[in-house]
Novice: 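The following block contains the structure, expressed as structure tokens.
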Amino acid sequence: MEAQRNALSIFLLAVILFLIQCVVAQKARLSSPIERRALLDLRASLGLRGKDWPIKSDPCSSWLGIECRNGSVSKISVSGLKRTRLGRLSPKFNVDSLVNLTRLVSFNASGFPLPGSIPDWFGNRLANLEVLDLRSCNISGSIPGTLGNLSRLTSLYLHDNNLAGLIPATLGLLRNLKFLDLSVNSLTGSIPSSFGSFGNMERLELASNYLSESIPPSLGSLRGLQVFNVSDNNLSGSIPIQFGNLSRLVKLDLSRNSFYGSLPEELKMLRSLKMMIMADNELEGRMPVDLFSSLVELQVVDLSRNKLDGALNATIWSMPKLQSLDVSSNNFTGPFPGLRSNISATTAAMFNLSNNFFYGTLNFSLGMFRFIDLSGNYFEGKVVVNNAKRYAIIDRNCLQALKQRTLEDCRLFYTDRGLSFDNFGAPDTTQPPPAESSSESRKRLIFILAGVVGGLGFIVLLVLILVLVLRHNKGIGNQRRNADVGPVPEGDSPQLPKDPTIAGAGDPFTYEQLLLATDNFSETNLIKQGHSGDLFRGILEAGIPVVIKRVSLSSFKKESYMMELDLFRKLSHPRFVLLLGHCLEHETEKLLVYKHMPNGDLANSFYRATNSDDDSLQSLDWITRLKVATGAAEGLFHLHHECNPSLVHRYFRTCFLLLFSSILIVIVNNQCF
Ligand SMILES: *[C@@H]1O[C@H](CO)[C@@H](O)[C@H](O)[C@H]1NC(C)=O
Ligand SMILES: *[C@@H]1O[C@H](CO)[C@@H](O)[C@H](O)[C@H]1NC(C)=O
Ligand SMILES: *[C@@H]1O[C@H](CO)[C@@H](O)[C@H](O)[C@H]1NC(C)=O
Ligand SMILES: *[C@@H]1O[C@H](CO)[C@@H](O)[C@H](O)[C@H]1NC(C)=O
Ligand SMILES: *[C@@H]1O[C@H](CO)[C@@H](O)[C@H](O)[C@H]1NC(C)=O
Ligand SMILES: *[C@@H]1O[C@H](CO)[C@@H](O)[C@H](O)[C@H]1NC(C)=O
Ligand SMILES: *[C@@H]1O[C@H](CO)[C@@H](O)[C@H](O)[C@H]1NC(C)=O
Ligand SMILES: *[C@@H]1O[C@H](CO)[C@@H](O)[C@H](O)[C@H]1NC(C)=O
Ligand SMILES: *[C@@H]1O[C@H](CO)[C@@H](O)[C@H](O)[C@H]1NC(C)=O
Ligand SMILES: *[C@@H]1O[C@H](CO)[C@@H](O)[C@H](O)[C@H]1NC(C)=O
Ligand SMILES: *[C@@H]1O[C@H](CO)[C@@H](O)[C@H](O)[C@H]1NC(C)=O
Ligand SMILES: *[C@@H]1O[C@H](CO)[C@@H](O)[C@H](O)[C@H]1NC(C)=O
């Protein structure tokens, strides 16, 4: 009994399974012999391999890339298939048999070589076609106008072929089209204004062709448009204000054309915009004031290489989703838009503000930015970088740093704009004070005259002292100390020389030691760019503060550092800064290590007197000035008379002028005397 029941149920199960299988097979099997014939013809004309499309089995169930619906072929994809060796010999765009596949909805040959042109009959015979993907198929010829008859078409991809000629206006009849990609071809002519009637368009890509003339304003009615890319064409005209109606637009790429005119105010209505790429055009004028504050979704902005001008609004620092902002190579100007404190999101973005006319001081630390390129502007003042891992490019500005513009350039730029230049932080010796009202300037004149008279008096005094000191020292020979001048600062006692050729020139250091000491010659440690090399502050491993002079052989004469070394070998005088060592092992950079003088240089001490706000140094009183003058005279005397052979100091005149003029400035600015 039990066994019989079991056998019966197994039998019933088998019958049911068989029936299900029949139904499934019926559904999947290609029913029309005409379509079967057509597929076999296609297999032959494209030279497809038996491995992919096996002749004996059913196409719907076992041919690669074939999909059927109701026993008819609905989708064909030959994308990724390979031709037979014979087929590869003369590949052709031979797909005539598609005519008999009347239910075909999708044809995808992306990446499959079909040299030849798109047949005219496509438009008239494949009435059910919704998707036509012929990307990278090596198609040539022009786009047939009949394609406008494929009224069900939603996607037309012809990207990356050799299509030439005009874009047929009849494409505008394709009311269901959502994706149109004609980019990377050789199409000419203009964008048909009929494109404005695509009711459902989402992505319109026409990049990298030779399209000319302007963008038809009718495109402003493509309400669903999300991507518009016409980059790298020959388009001109201005950006249509109707674009303001493209409220769904996410990517806008107009780069590498010849668009001119200004950015329309209406752009700020593009509330979904994430990418705004307009580089390499001839756009000019100011940006709409609140453009960036309205476009809160923006992630990538590229306006580089245009002719935009005006100042940047501080709102560029408060775009919540910004990843990259490139406004390089424009005519933007003005001081840097004020940086708010609450910008952590923005400073993670990349900023390229290079090659504009920005000026003024950088009143923030560049270390705040992950990446910022400020090169080729006119920023002035000190550079603060307090996080070495972040990246900032500051070349070709007027900053107190390396690789900057010339003094002349900077001064010209600032005076052209009626501004005063900080003169790389040094006292300004040639510029007249900025123009003022007449009574003010008369008052100024008096002070200047007073200054000149006083200055002259001072010179006479100085010369007198010099003569006196010379006389005195001749009398008593090589006596080093002079009670009037005060004690000379003690240096570390010079170490024993190790290299006979540079004996007396201090210790040899390794390049790594000095890299370590100066934090890889970081900008923050740069004291000044000297005439014969740059001076860096540094701290040796032992904690001894030093000053390191970096002589780059590419920009200075090879002999100059050797001369300097030689000089220090011969010289030893308490009035000269002590040479502690050197490093000559690097090919192109020679380094000299000096004792660190905590009070800075002479010019600074004089100049300091004018800004009383931040200084740790006090204004020098006249007694100190006198002592300084006597000390300087002592040093000069040693150079000229005591060492053998005697030396003439090249900078003497400069020093003297500097001394004189800085005193003048002190007098004029303090309005004393
Ligand atoms: C399949 O064919 C039947 C009758 O031939 C038809 O009623 C049905 O709508 C078709 N289905 C599809 C998805 O075309
Ligand atoms: C389409 O099918 C018909 C009938 O089988 C045939 O006569 C015709 O040649 C086919 N057309 C093409 C282009 O293969
Ligand atoms: C065509 O086929 C390729 C490769 O399989 C695929 O990446 C692409 O998305 C297909 N095209 C369409 C419109 O589905
Ligand atoms: C593209 O087609 C041309 C002929 O139209 C042929 O010379 C060329 O080799 C083809 N290129 C590729 C990559 O198939
Ligand atoms: C659309 O097809 C009809 C008939 O098939 C034809 O007369 C007409 O020229 C075609 N239209 C286009 C734009 O090709
Ligand atoms: C626009 O199209 C070009 C060519 O296909 C492409 O290189 C570029 O990345 C596209 N722009 C955007 C924003 O996707
Ligand atoms: C670009 O367009 C201008 C006119 O708008 C035309 O004179 C010029 O020949 C075009 N250049 C190219 C490369 O097509
Ligand atoms: C946007 O669309 C509205 C309604 O269709 C129309 O009145 C307005 O002129 C359009 N604006 C632009 C800038 O095209
Ligand atoms: C910057 O934009 C804000 C708001 O968008 C505006 O109120 C302000 O006037 C602008 N500032 C400048 C200097 O244009
Ligand atoms: C910034 O833009 C300039 C000019 O457009 C370009 O040369 C430079 O490479 C860009 N900087 C970076 C770091 O990409
Ligand atoms: C932009 O700057 C360049 C270079 O200084 C200048 O020749 C040009 O006239 C300026 N253009 C505009 C529109 O201001
Ligand atoms: C700082 O930014 C955050 C997020 O962007 C915001 O929620 C917060 O209110 C801001 N704070 C100030 C003081 O602006």
Novice: For N161 and R135, test the side chains for any donor-to-acceptor distance below 3.5 angstrom and give the result as yes or no.
Specialist: no
Novice: So does I34 have more than 12 non-hydrogen atoms from other groups sitting under 6.0 Å from CD1?
Specialist: no
Novice: Closer than 3.5 angstrom, by distance alone: can the side chain of N149 be matched with the main-chain N or O of N124 as a donor-acceptor pair?
Specialist: no
Novice: Within the 3.5 Å criterion, strictly below it, is a donor on D232 or S208 matched to an acceptor on the partner's side chain?
Specialist: yes
Novice: Could you measure the distance from the CG atom of L206 to the CG atom of L187? Nearest 0.5 Å is fine.
Specialist: 8.5 Å
Novice: Under a 3.5 Å distance rule, please check whether N397 uses its side chain to pair with a backbone N or O of I394 as donor and acceptor.
Specialist: yes
Novice: Is there a donor-acceptor pair closer than 3.5 Å between any side-chain N or O of N70 and the backbone N or O of S72?
Specialist: no
Novice: Measure the CD-CG distance between Q323 and L298 for me, rounded to the nearest 0.5 Å.
Specialist: 10.5 Å
Novice: Quick one: CG on L295 to NZ on K268, what's the gap to the nearest 0.5 Å?
Specialist: 9.5 Å
Novice: Within a reach of under 6.0 Å around OH of Y260, are more than 12 heavy atoms found that belong to other residues, nucleotides or ligands?
Specialist: no
Novice: Counting heavy atoms not belonging to R256, are there more than 12 under 6.0 Å from its CZ?
Specialist: no
Novice: Mind checking the OG-CG spacing from S329 to L353? Nearest 0.5 Å is all I need.
Specialist: 11.0 Å
Novice: Shortest non-hydrogen contact from F243 to L252?
Specialist: CE2-CD1, 4.0 Å
Novice: Would you find more than 12 non-hydrogen atoms of other residues, nucleotides or ligands less than 6.0 Å from K178 atom NZ?
Specialist: no
Novice: I277 and V300: side chain to side chain contact (heavy atoms under 4.5 Å, CB included), yes or no, with the steps?
Specialist: CA-CA 8 Å; I277 320 270; V300 178; 4.0 Å; yes
Novice: For K403 and R396: C-alpha separation, side-chain torsions, deciding distance, then whether side chain to side chain contact (heavy atoms under 4.5 Å, CB included) applies.
Specialist: CA-CA 6 Å; K403 296 191 214 150; R396 289 178 292 116; over 6 Å; no
Novice: When you check the gap from the basic side-chain N to the acidic O, do K321 and E297 get nearer than 4.0 Å?
Specialist: yes
Novice: Under a 3.5 Å distance rule, please check whether N100 uses its side chain to pair with a backbone N or O of L98 as donor and acceptor.
Specialist: no
Novice: For the residue pair N138 and N162, confirm or rule out a side-chain donor-acceptor distance under 3.5 Å.
Specialist: yes
Novice: Please indicate whether L89 has more than 12 foreign heavy atoms, meaning atoms of other residues, nucleotides or ligands, lying under 6.0 Å from its CG.
Specialist: yes
Novice: State, to 0.1 Å, how close R223 and G220 come at their nearest heavy-atom pair, and which atoms those are.
Specialist: NE-O, 4.4 Å
Novice: Any chance the side chains of R152 and N128 put a donor and an acceptor closer than 3.5 Å?
Specialist: yes
Novice: Is there a donor-acceptor pair closer than 3.5 Å between any side-chain N or O of S354 and the backbone N or O of D373?
Specialist: no
Novice: Show me the pairs that pass ring pair (Phe, Tyr, Trp, His ring centres under 6.0 Å) and involve residues 43-93, at least two apart or across chains.
Specialist: W53-W63
Novice: Could you measure the distance from the NZ atom of K92 to the CZ atom of R83? Nearest 0.5 Å is fine.
Specialist: 9.5 Å
Novice: Would D160 and S136 count as having a side-chain donor-acceptor pair, cut-off 3.5 Å?
Specialist: yes
Novice: Output the distance between atom CZ (F195) and atom CG (L222), rounded to the nearest 0.5 Å.
Specialist: 10.0 Å
Novice: What's the verdict on side chain to side chain contact (heavy atoms under 4.5 Å, CB included) for I143 and L158, showing C-alpha distance, side-chain angles and the deciding distance?
Specialist: CA-CA 9 Å; I143 301 172; L158 301 174; 4.1 Å; yes
Novice: Within the 4.5 Å heavy-atom criterion, are N108 and Y157 side-chain neighbours or not?
Specialist: no
Novice: Per the side-chain contact (heavy atoms from CB on, under 4.5 Å) rule, which among L235, L211, N209 passes with V230?
Specialist: L235
Novice: After noting the C-alpha distance and the side-chain angles of E282 and K307, does the key distance pass the salt bridge (charged side-chain N to carboxylate O under 4.0 Å, His left out) rule?
Specialist: CA-CA 6 Å; E282 282 146 40; K307 294 178 191 160; 5.1 Å; no
Novice: Quick check with a 6.0 Å cut-off and a 45 degree axis cone: is R405 positioned over the face of Y378's six-membered ring?
Specialist: yes
Novice: Any side-chain donor-acceptor pair under 3.5 Å between S57 and S62?
Specialist: yes
Novice: Determine, step by step, whether F179 and L153 satisfy the side chain to side chain contact (heavy atoms under 4.5 Å, CB included) criterion, reporting the C-alpha distance in whole Å, the side-chain angles of both residues, the deciding distance to 0.1 Å, and the verdict.
Specialist: CA-CA 9 Å; F179 309 108; L153 209 60; over 6 Å; no
Novice: Within the structure provided, determine whether T170 and L147 are in side-chain contact (heavy-atom separation under 4.5 Å).
Specialist: no
Novice: Do R417's NZ or CZ and the ring of Y414 fall within the cation-pi criteria of under 6.0 Å and 45°?
Specialist: no
Novice: Testing the basics here: between P91 and P115, what is the closest heavy-atom pair and its distance to 0.1 Å?
Specialist: O-CG, 3.4 Å
Novice: Between D253 and S255, do the side chains contain a donor N or O and an acceptor N or O under 3.5 Å apart?
Specialist: yes
Novice: Is N306 reaching over with its side chain to a backbone N or O of L308, donor-acceptor style, under 3.5 angstrom?
Specialist: no
Novice: Around atom CZ of R248, are there more than 12 heavy atoms from other residues, nucleotides or ligands closer than 6.0 Å?
Specialist: no
Novice: Over all heavy atoms of both residues, which pair between N200 and R175 is shortest? Give the atoms and the distance, please.
Specialist: ND2-O, 3.1 Å
Novice: Quick test of your reading of the model: are R305 and D280 salt-bridged, counting only N-O distances below 4.0 Å?
Specialist: yes
Novice: Please answer whether the main-chain N or O of S304 pairs with a side-chain N or O of S328 as donor and acceptor at a distance below 3.5 Å.
Specialist: no
Novice: So for atom CZ, which belongs to R125, do other residues, nucleotides or ligands contribute more than 12 heavy atoms lying within a distance under 6.0 Å?
Specialist: no
